[in-house]
Amino acid sequence: MARNVCLNMIGCCMVAMIFIIGATEATDYTVGDSLGWNVPNNKSFYTDWASTKEFFVNDTLLFNWTGNHTVRIDSEATYYDNCNTSEIGIQFRSSFRYTIVGAGHHYFVCTVGNHCERGQKFSINVESPPASAAPTLSFGFLSAPFLSTFALYIFSPPPLNYFLM
Ligand SMILES: *[C@@H]1O[C@H](CO)[C@@H](O)[C@H](O)[C@H]1NC(C)=O
Ligand SMILES: *[C@@H]1O[C@H](CO)[C@@H](O)[C@H](O)[C@H]1NC(C)=O
């Protein structure tokens, strides 16, 4: 029976580990994928890129570029909407990785020349940290067949020869 208890504990630890991995994993995005952070051919390129993703606190956005670009990050749409490139907000003048620290709207624009007008801009709406939503989310991801397999593994007694060995 000692082995059985031990197996149960391993099973429980595995459940706990899956739970923790699911709860803390942040996603690293490369903005624009292979285009990087550049003036796009298509004005909606970055908007389209962002619209296919769901962003959470602690996710990171890697801005990679060559040439003359900046990133300005705002929490208000005012300067973003009409591409007002006055020197406001935060500017970075080299490639960098931005870690999303708070929920809510984030607006990203390049402030160089008319790059913003030409589509070098996008906004995201960041959701609260997944950690708080993890209990329901994580269990939602575990499909019923997977759970029942797990239950079988954890709760079925080991085969008889296990004890005879
Ligand atoms: C851009 O923003 C600056 C700073 O707030 C403001 O003075 C200026 O009038 C704005 N320009 C336009 C075109 O909205
Ligand atoms: C980059 O563009 C800005 C205009 O937004 C200009 O003032 C600056 O001189 C440019 N820098 C380089 C290295 O071309």
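For ligands, and for the atoms within them, numbers begin at 1 and follow the listed sequence. Predicted, not measured: the structure shown is a model, and the values here were computed from it.
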Which pairs of donor and acceptor atoms, one on a side chain in residues 33-40, lie under 3.5 Å apart (sequence neighbours left out)?
unit_1 : atom_1 : unit_2 : atom_2 : d
Asp33  : OD1    : Trp49  : NE1    : 3.4
Asp33  : OD2    : Trp49  : NE1    : 3.1
Trp37  : NE1    : Thr70  : O      : 2.9
Asn38  : OD1    : His69  : NE2    : 3.2
Asn38  : ND2    : Leu35  : O      : 2.9

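- Contacts between Asn68 and ligand 2 below 4.0 angstrom, taking non-hydrogen atoms only, involve the side chain exclusively.
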Please walk me through it: do Leu61 and Ile124 pass side-chain contact (heavy atoms from CB on, under 4.5 Å)?
-> CA-CA 11 Å; Leu61 296 172; Ile124 61 177; 4.1 Å; yes

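- One option in Thr78, Asn84, Asp81, Thr85 has a heavy atom closer to atom 6 (C) of ligand 1 than any other, and that option is Asn84.
- Asn125 is linked by a side chain to side chain contact (heavy atoms under 4.5 Å, CB included) to His105, counting only residues two or more places apart in sequence or in another chain.
- Checking Phe96, Tyr98, Tyr46 one by one against Phe63, the ring-ring contact (aromatic ring centres under 6.0 Å, His included) holds for a single residue, Phe96.
- Counting atoms of ligand 2 from 1 in the listed order, those under 4.0 Å from a heavy atom of Gly113 are 5 (O).
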